[in-house]
Amino acid sequence: HSSPRRRSSGLKKDTTPTKNNTLNPVWDDKNVFRAPMPLNDDSAGIVVELWDDDGLFFSADSLGFVKLTATELLNTTGGTLRRPLRPLPGGDAVTGWVEVRANVLAQITLHVLAARGLKKVDLLGKGDPYVVADWEGWSARRLGKTKTKYNTDKPKWNHAFELSVPLQRPGGRVKLEIFDYDAIGADDLLGRVSLARRALLSGADVRWVKLQDRPAPRGAEGKKRTKQ
């Protein structure tokens, strides 16, 4: 029997614990490799190598490797990939296969820059607007809020929200809501806008986006920028 360990390589390398005295090793979900890579370049991929650990005084023997491309990982739909092992170049023949589970996430930075033409809701002075961001869809969660900008109808936040978007699951969107802070009573909703996942994944972009759900002066809109 051998003592295999698994190593994932590519842009980043990591190693599992060694499973002693077995030809059918099983690693649990605690052994997670996080490897950033461009999804539009299959030449990058992730290489998983298996090695037989021969202890401190001997070199480990290669049990083979598999290369997983971005396309393969995206098409797993959160399930598992099973691939036959291949020998390293110039290495001996190998047998067996390796099974992995992949969750592919896009790391996105959403910049909420500014707003203009907001509805006036205070009797005295201008508004005190701030923005709340939520992810709606799989694993819905609050992304955070900006600082409040006091006594202005042209707030500039330049606030960055960080989020991970699952690429193997359909749907999902970011909801941005602008509120007017009130020291007494509930804050007033000035408007909201939803940004679909497709728009978030389209790359860096700066534009004004119309607010919805509240009557507002003509031309009322909010400004946002997305960057992967």
Side-chain angles (χ1 to χ4, degrees), residues 36-41 70-71 73-78 103-228:
M37 69 174 188
L39 295 178
N40 58 354
D41 182 7
T71 300
L73 295 171
L74 285 171
N75 290 333
T76 61
T77 317
N103 292 311
V104 184
L105 304 174
Q107 297 297 126
I108 293 176
T109 302
L110 174 65
H111 295 267
V112 177
L113 300 180
R116 64 189 181 190
L118 297 176
K119 178 178 175 61
K120 179 176 173 59
V121 293
D122 293 337
L123 294 178
L124 300 176
K126 299 178 181 179
D128 305 312
Y130 65 91
V131 179
V132 174
D134 292 282
W135 170 256
E136 296 184 328
W138 179 73
S139 188
R141 61 196 180 278
R142 171 64 49 88
L143 300 177
K145 65 185 291 291
T146 68
K147 293 181 179 180
T148 300
K149 296 298 182 178
Y150 294 97
N151 195 33
T152 179
D153 57 2
K154 297 179 180 179
K156 295 181 179 180
W157 295 287
N158 196 24
H159 185 94
F161 294 102
E162 304 287 341
L163 66 151
S164 298
V165 176
L167 298 182
Q168 296 152 302
R169 296 175 180 266
R173 62 182 182 175
V174 169
K175 180 179 69 175
L176 300 175
E177 294 181 306
I178 301 181
F179 290 91
D180 177 55
Y181 170 76
D182 287 324
I184 301 176
D187 297 344
D188 297 309
L189 176 65
L190 301 179
R192 62 166 60 96
V193 65
S194 292
L195 307 174
R197 187 178 69 163
R198 179 179 298 179
L200 296 171
L201 295 173
S202 63
D205 185 24
V206 179
R207 68 177 183 272
W208 293 98
V209 181
K210 293 286 185 180
L211 295 176
Q212 304 165 352
D213 295 348
R214 277 286 183 182
R218 185 175 183 180
E221 51 195 357
K223 188 179 184 182
K224 65 94 184 177
R225 178 177 67 189
T226 61
K227 179 182 179 183
Q228 280 187 259

Backbone N/O of Gly171 and side chain of Arg198: donor-acceptor pair under 3.5 Å: no

statement: Here the pair of heavy atoms bringing Ala106 nearest to Leu201 is CB-CD2, 3.7 Å

task: Please check if the side chain of Asp180 supplies one atom and the backbone of Asp188 the other of a donor-acceptor pair under 3.5 Å.
output: no

query: Can you tell me how far CH2 of Trp157 sits from NZ of Lys149, rounded to the nearest 0.5 angstrom?
result: 9.5 Å

- prompt: Hey, what do you get for NZ (Lys145) to CZ (Phe161), rounding to the nearest 0.5 Å?
  reply: 9.0 Å

query: Looking at CG of Leu113 and CZ of Arg207, how far apart are the two atoms once the value is rounded to the nearest 0.5 Å?
result: 12.0 Å

task: Grab the two heavy atoms, one from Leu200 and one from Leu195, that are nearest each other, plus how far apart they are.
output: CD1-O, 4.0 Å

query: Between Leu176 and Val132, is a side-chain contact (heavy atoms from CB on, under 4.5 Å) present by the stated rule, with each step listed?
result: CA-CA 6 Å; Leu176 300 175; Val132 174; over 6 Å; no

query: Once you round to the nearest 0.5 Å, how far does NZ of Lys156 lie from CG of Asn158?
result: 10.0 Å

query: Minimum heavy-atom separation for Thr152 to Pro129, with atom names?
result: O-CD, 3.6 Å

query: Does a side-chain heavy-atom distance below 4.5 Å link Thr109 with His111?
result: yes

message: I'd like to know if the side chain of Thr146 reaches the main chain of Val131, judged simply by a donor and an acceptor atom lying under 3.5 Å from each other, with no hydrogens or angles considered.
response: yes

- request: Provide the closest heavy-atom pair for Leu190 versus Lys119 in the form atom of the first, atom of the second, distance.
  value: CD2-O, 3.8 Å

- prompt: Could you give all pairs that pass the ring-ring contact (aromatic ring centres under 6.0 Å, His included) test and reach residues 113-138, with sequence neighbours left out?
  reply: Tyr130-Phe179

- request: Might you point out which heavy atoms bring Ser164 and Arg141 nearest each other, and give the distance in Å?
  value: O-NH2, 3.0 Å

- prompt: Sequence neighbours excluded, which residues qualify as side-chain contact (heavy atoms from CB on, under 4.5 Å) partners of Asp153?
  reply: Lys126

Salt bridge (charged side-chain N to carboxylate O under 4.0 Å, His left out) contacts touching residues 128-140 (sequence neighbours left out): Asp134-Arg142, Glu136-Arg173, Glu136-Lys175

field: Any side-chain heavy-atom pair of Pro155 and Ile178 under 4.5 Å
entry: no

- request: Report yes if the side chains of Leu189 and Glu177 come closer than 4.5 Å at any heavy-atom pair, otherwise no.
  value: yes

